[in-house]
*Asks:* 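My questions will all concern the structure given below.
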Amino acid sequence: MRLSRYFMPILKENPKEAEIVSHRLMLRAGMIRQQSQGIYSWLPLGKRVLDKVNAIIRDEQNRAGAIELSMPTLQSAELWQESGRYDAYGKEMLRIKDRQDRPMLYGPTNEEMVTDIFRSSVKSYKDLPLNLYHIQLKFRDEIRPRFGTMRSREFMMKDAYSFDLTREAAEHSYNKMFAAYLRTFDRLGLRAIPMRADTGPIGGKLSHEFIILADTGESEVFCHKDFVDFDIPGKHTDFDSVEGLQAIFDKWTSLYAATSEMHDEAAFNAVPEGDRLSARGIEVGHIFYFGTKYSEPMGAKVQGPDGKEHFVHMGSYGIGPTRLVPAIIEASHDDNGIIWPASVAPFDIVVINMKAGDQACDDTCELIYAALTKAGKDVLYDDTDDRAGTKFATADLIGVPVQIIAGPRAVANGEVEVKDRKTGARETMTIEAAINRFVA
Ligand code: P5A
């Protein structure tokens, strides 16, 4: 992508409305724009990161056996009247009438709709287990939308829903998502700790929130500090192994970890003082087991091996991609801007032409840009006629992991500089060596 043809509206000044660093940097880097309170457009640079986050989430959902579909954002109120949540959900639900005066709503979550899909076609235990997910916009009319896309009114959610014949089978489904979440957040460059949490309007008695420790987080959390170094399940994890997944779950729940709503002071005080971590955190995921809470009132049942009908046991599993992007920035930035983990960086490499219009610089940059693009890298080429200082500041701000800098003096020697955004380390090397380093 040539920067001169791209749309990346960088802000020079710090936006006043931004209270936390991620919100400030997302606005400054031209990643998002607020359209009305708590409702955002994702501009091209932000969209690239969001797409990469979603690709990792999708990959791990698929690995764990979940199946992707797509459900609409607008839902009929009737479904919610069946489950009894239409009245219970309160003012957070945006209620709308269509031209026939039929009550509709902008979905804050999809337990009812997916239960309806399930009951219309699944009739036998032989079709279980089943886990259906989508990545879709949600709307919650939050009282206090804030911190940009961290807590917005319209936001994206990956929501998965599992269906099983028995409680035991449902626990295995829960453990699959539990392990998939550990892997997902790890691939996003984050350390997320599962903590016992309040189930709120989703319901049930068992749930875990996945929390990223961060001073700007909205949740108050308490946990054993060893979680920070626990091993993440590897990519060859067997998601069909009941014992294997149970062992992962048992290990990751063996020590104290709870959000403030579930906090048990006495249990926490039993943790040796030096091991106690009392901190703030960002909730990036939340998984639930709620048994037959929806299947009973909505009549979602299957025939079991005993020939009788059984209400299915369900769980639901949410991740917030539009919250994850600022959470990653909270965890990874410096005074100059964002430092993207390679897995979600909007571009892999930025090529900076320090003197656009200079034939040697232009030729060198074009050569590098073409070679790296051909090798399948996402390359941003800063071919604008801005000052070199402005280009460096922009490259640092948008956080691309590698910068290849071509200035007249180096280029005259057949060389360029390669800078690592994270460490700031710079290395001068031949043009060929710079290309080869990233083409391998
Ligand atoms: C689980 C999937 C649910 O809604 N039903 C379907 C369950 N869970 S939840 O905890 O309420 O939300 C899941 C995740 O969505 C993100 N999230 C938000 N992100 C941005 N702005 C918001 N206002 C917002 N509300 C929820 C969080 O990551 C949460 O863990």
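Whatever order the structure lists ligands and atoms in, that order sets their numbers, starting from 1.
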*Asks:* For Glu209, which part has a heavy atom under 4.0 Å from ligand 1: side chain, backbone, both, or neither?
*Replies:*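 For Glu209, there is no contact with ligand 1 at all, from either part.
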
*Asks:* Inspect the contact between Arg280 and Asp215 and indicate whether a charged nitrogen and a carboxylate oxygen are less than 4.0 angstrom apart.
*Replies:*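 The answer is no: the pair does not qualify as a salt bridge.
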
*Asks:* Counting only nitrogen or oxygen atoms and a 3.5 angstrom limit, does Arg151 reach ligand 1?
*Replies:*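 Checking ligand 1 against Arg151, no N or O pair falls under 3.5 Å apart.
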
*Asks:* Does Glu218 come within less than 4.0 Å of Arg146, counting only side-chain N to carboxylate O?
*Replies:*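 Yes, charged N to carboxylate O under 4.0 Å.
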
*Asks:* Select one of side chain, backbone, both or neither to describe which atoms of Glu142 lie under 4.0 Å from any atom of ligand 1, heavy atoms only.
*Replies:* side chain

*Asks:* Is it the case that atom CG in Asp306 sees more than 12 heavy atoms from other parts of the structure closer than 6.0 Å?
*Replies:* yes

*Asks:* Could you tell me the residue and atom name of the protein heavy atom closest to atom 25 (N) of ligand 1, and the distance to it rounded to 0.1 Å?
*Replies:* Phe155 CZ, 3.4 Å

*Asks:* Is there side-chain contact between Ser22 and Phe147, with at least one heavy-atom pair below 4.5 Å?
*Replies:* no

*Asks:* Tell me, yes or no, whether the heavy-atom count around Glu13 atom CD, taken from other residues, nucleotides or ligands under 6.0 Å, exceeds 12.
*Replies:*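 No, the 6.0 Å shell around CD holds no more than 12 heavy atoms from other groups.
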
*Asks:* Which heavy atom of the protein is the closest neighbour of atom 16 (C) of ligand 1, given with residue, atom name and distance?
*Replies:*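 Answer for atom 16 (C) of ligand 1: Gly320 CA, 3.8 Å.
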
*Asks:* With heavy atoms of Arg140 as the reference, note each atom of ligand 1 found under 4.0 Å away.
*Replies:*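 Result: 3 (C), 4 (O), 9 (S), 11 (O), 12 (O), 25 (N), 26 (C).
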
*Asks:* Quick one: which ligand 1 atoms are inside 4.0 Å of a heavy atom on Tyr317?
*Replies:*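 Going through ligand 1 atom by atom, the ones under 4.0 Å from Tyr317 are 1 (C), 2 (C).
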
*Asks:* Report the part of Phe288 (side chain from C-beta onward, or backbone N, CA, C, O) that has a heavy atom under 4.0 Å from ligand 1; answer both or neither where that applies.
*Replies:* side chain

*Asks:* Can you list the atoms of ligand 1 that are under 4.0 Å from a heavy atom of Ile202?
*Replies:*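 So the answer, numbered in order with elements, is 3 (C), 4 (O), 5 (N), 7 (C).
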
*Asks:* Report yes or no: does Met150 have a heavy atom closer than 4.0 Å to ligand 1?
*Replies:*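 So Met150 counts as touching ligand 1.
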
*Asks:* Among Arg323, His286, Arg144, which residue places a heavy atom closest to atom 10 (O) of ligand 1?
*Replies:*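 When every heavy atom of Arg323, His286, Arg144 is considered, His286 comes closest to atom 10 (O) of ligand 1.
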
*Asks:* State if Arg153 counts as touching ligand 1 under the rule of any non-hydrogen atom under 4.0 Å.
*Replies:*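 No, Arg153 has no heavy atoms under 4.0 Å from ligand 1.
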
*Asks:* Report yes or no: is the cationic atom of Lys377 (NZ for Lys, CZ for Arg) under 6.0 Å from the centre of the six-membered ring of Phe438, at an angle within 45° of the ring normal?
*Replies:* no

*Asks:* For a salt bridge (charged side-chain N to carboxylate O under 4.0 Å, His left out) check, start with the C-alpha distance between Asp334 and Arg421, then their side-chain angles and the critical distance, and finish with the verdict.
*Replies:* CA-CA 10 Å; Asp334 64 14; Arg421 170 65 183 90; 2.8 Å; yes

*Asks:* Is there a heavy atom in Tyr161 that sits closer than 4.0 Å to ligand 1?
*Replies:*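 So Tyr161 counts as touching ligand 1.
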
*Asks:* Can you list the ligand 1 atoms lying under 4.0 Å from a non-hydrogen atom of Glu111?
*Replies:* 5 (N), 6 (C), 7 (C)

*Asks:* On the ring face of Tyr86, is Arg95 found with NZ or CZ under 6.0 Å from the centre and within 45° of the axis?
*Replies:*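 Because its charged atom sits under 6.0 Å from the ring centre and within 45° of the axis, Arg95 does stack over Tyr86.
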
*Asks:* Please state which protein non-hydrogen atom is closest to atom 21 (N) of ligand 1 and give its distance, to 0.1 Å?
*Replies:* Ser152 N, 3.2 Å

*Asks:* Determine, using ring centers only, whether His172 and Phe249 are less than 6.0 Å apart.
*Replies:* no

*Asks:* Hey, which atoms in ligand 1 end up nearer than 4.0 Å to a heavy atom of Val284?
*Replies:*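 So the answer, numbered in order with elements, is 28 (O), 30 (O).
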
*Asks:* Considering the heavy atoms of Asp159, write down every atom of ligand 1 situated less than 4.0 Å from one of them.
*Replies:*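 Numbered from 1, ligand 1 contributes 2 (C), 6 (C).
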
*Asks:* Can Lys235 and Asp59 be counted as an ion pair, charged N to O under 4.0 angstrom?
*Replies:* no

*Asks:* For ligand 1, find out whether one of its N or O atoms is nearer than 3.5 Å to an N or O atom of Glu283.
*Replies:*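 N/O-N/O distance below 3.5 Å exists for this pair.
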
*Asks:* Can you pull out the closest protein heavy atom to atom 12 (O) of ligand 1? Residue, atom name and distance to 0.1 Å, please.
*Replies:*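 The protein heavy atom lying closest is Met157 CE, 3.6 Å.
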
*Asks:* Has Asp159 got a side-chain atom pairing as donor or acceptor with Tyr161's backbone, closer than 3.5 angstrom?
*Replies:* no

*Asks:* Centroid-to-centroid, Phe163 to Phe118, below 6.0 Å?
*Replies:*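 Yes, ring centres under 6.0 Å apart.
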
